[in-house]
There are 2 protein chains.
Amino acid sequence: MIVDRCENCPLKSKNAFVPLTGTEVDFMNGFKKGELAVEAGTTLVTEGSDAPHLYTVLSGMGMRYKTLEDGRRQVIGFILPGDFIGLQASVMGEAQNSVDAKTDMRLCAFQRRDLWTLFERHPDRAYDLVWMSAVEESFLGEALTTLGQRSGRERVAWALVKLFERLSALGLDDGERVPLPFRQQDLADSLGLSLVHTNKTLRALHGEGLATWVDGELEIGDLDALRDIALLAEEGFQPRPLI
Amino acid sequence: MIVDRCENCPLKSKNAFVPLTGTEVDFMNGFKKGELAVEAGTTLVTEGSDAPHLYTVLSGMGMRYKTLEDGRRQVIGFILPGDFIGLQASVMGEAQNSVDAKTDMRLCAFQRRDLWTLFERHPDRAYDLVWMSAVEESFLGEALTTLGQRSGRERVAWALVKLFERLSALGLDDGERVPLPFRQQDLADSLGLSLVHTNKTLRALHGEGLATWVDGELEIGDLDALRDIALLAEEGFQPRPLI
DNA sequence: CGGCTTATTGACGCTTATCAAAGCAGGTGG
DNA sequence: CCACCTGCTTTGATAAGCGTCAATAAGCCG
């Protein structure tokens, strides 16, 4: 049996892309609140606010960010289909960062109060949550390393490789091309670089035939060269280890 | 309390296999495997390695970091008493960063394989784990914002405030003084600044009577002024007691 | 005492931010 | 259909923050 409305929902199975069967369906029917469609530009979560909902991204892309009092903005990460939004906020009681939809998005929504039920009755699902949380934490550690240690050119290369590989793994690629519906300002804010410098770096990479990002599409010319620039070690896709 | 010997210990310190008889923390009844004492300088976890253990810090301090191929090092965070080490690695199967003891430390050690049992039988404890994970993720988001958006002076002020408040909350303070057994190089590596620039910034803050860090002790002269420099809003989440 | 690690300070220059302005597309209204 | 606006990208010029190099000083230890 397949639950078709949540085709990318990581919560529906230990393995994010395996359809549900039997009891899992019952569980999802009890936990799932509903589906939600939002337009590009919508703010899904606001930093500092109460966060009564959790979301799984079915389609579309978004951006997670924090803002300083004086307006400076740090993009914490880009949100792609399959990502989970609001776990941190639900557990801590208050959202620590904002989330904006950058394209139209479809979301799977849950109630925060159901989270405890999940832990009581579905330890395997709870374990999955911890796994997702660990993956996110791991990414943040990498990002921190990038901002702290890599040069501007290395940062841009790193970000392009990371985004390309995530999108490819989701099957959203068309050969060497993936959709990338963000602005240069967004990338700059995610890398701690100025817009101008980010633009010049992107132009340079384009001039060298390494990567081209126009009209919301990223085309990778030489992935290995980019990985070299970013000092990125070889890193296989990690299968989901249970126990 | 019965303290089990730490078996199959992967640690490198010559004293790694010495069990302790402490009674301070009995976190997670039935889950605890043993207590462990390590010397300053010991590497508790190595990036990329298998991580069969989880630790709770009873006393002492450490450092979590990642290294790039060419030797550049990013300090992800400082580890204080009460912190949890290895959850991420246990769940993901491989440690994403290394952990060094910067002072002698006493640790509470668990087996990775007991994690699943915890989820099955102690959902409340499992929920605590997610909470700790969320707090860590929240901190990483703040750190990322600091490296991405704050100037050198702002970064140093931010770090000093953060460390002072964490240590104070643990009751390790003596008025405006807290122990801070790290080197300037460690702080520099955590903030993405050079050692030289970090030193000059610290000297400047000292000259202004805002903070003095000598001989492993940090004394805060004017906490509010430091918070202003760091553009830090009022204190956020409250630490929640484990157990 | 010599060797080691860490803190400190000055000089210099590169990377990157900032300022400024122009091009370009899409949308709107006259 | 064209003028005009707005948001995004692109480019050049200039300056500053911060990294790098180099050297001294101070403590610790065998």
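Atom set for the values below is all heavy atoms of this structure, side chains included, hydrogens, waters and symmetry mates excluded. Proteins get letters first, then strands, A, B, ... in listed order; numbering begins at 1 in each.
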Novice: Classify the angle between the aromatic ring planes of A:Phe110 and A:Phe84 as parallel (below 30°), tilted (30 to 60°) or perpendicular (above 60°).
Specialist: tilted
Novice: Return the value, rounded to whole Å, for the distance between atom CG of B:Asp189 and atom P of D:dG19.
Specialist: 11 Å
Novice: Using only modelled atom types and a 3.5 angstrom limit, is any donor from either the side chain of B:Lys200 or the base of C:dG10 paired with an acceptor on the other?
Specialist: yes
Novice: Report the distance from atom CZ of B:Arg203 to atom C1' of C:dG10, rounded to the nearest whole Å.
Specialist: 15 Å
Novice: State, yes or no, whether a side-chain contact exists between A:Ser98 and A:Val45 at a heavy-atom distance under 4.5 Å.
Specialist: no
Novice: What is the distance, rounded to the nearest whole Å, between atom NZ of A:Lys102 and atom P of D:dG7?
Specialist: 13 Å
Novice: Please state how far atom CD in A:Gln149 lies from atom P in D:dC18, giving the value in whole angstrom units.
Specialist: 15 Å
Novice: Any side-chain N or O of A:Asn199 under 4.0 Å from OP1/OP2 of D:dT10?
Specialist: yes
Novice: Among B:Lys162, B:Arg150, B:Arg155, whose salt bridge (Lys or Arg N to Asp or Glu O under 4.0 Å) with B:Glu142 holds?
Specialist: B:Lys162
Novice: When all nucleic acid strands are considered with a 4.0 Å heavy-atom cut-off, which category describes A:Gly216: base, sugar-phosphate, or nothing?
Specialist: nothing
Novice: Mind calculating the distance between CZ (A:Arg183) and P (D:dC8) to the nearest angstrom?
Specialist: 4 Å
Novice: Taking CD from A:Glu154 and P from D:dG19, how many angstroms apart are they, rounded to a whole number?
Specialist: 14 Å
Novice: Return the OG1 to CG distance between A:Thr56 and A:Leu36, rounded to the nearest 0.5 Å.
Specialist: 12.0 Å
Novice: Let me know the distance between CG of B:Leu147 and C1' of D:dC18, rounded to the nearest Å.
Specialist: 14 Å
Novice: Quick one: B:Leu195 CG to C:dT5 C1', roughly how many Å, whole number?
Specialist: 12 Å
Novice: How about B:Phe182 and B:Phe78: are their ring centroids closer than 6.0 Å?
Specialist: yes
Novice: Under 4.0 Å between a side-chain N/O of A:Gln185 and OP1 or OP2 of D:dG7, yes or no?
Specialist: no
Novice: Touch check for B:Leu193, heavy atoms < 4.0 angstrom, all strands: base, sugar-phosphate only, or nothing?
Specialist: sugar-phosphate
Novice: Could you say whether A:Val196 or A:Arg153 is positioned toward the 5' end of DNA chain C, judged by the nucleotide with the nearest heavy atom to each?
Specialist: A:Arg153
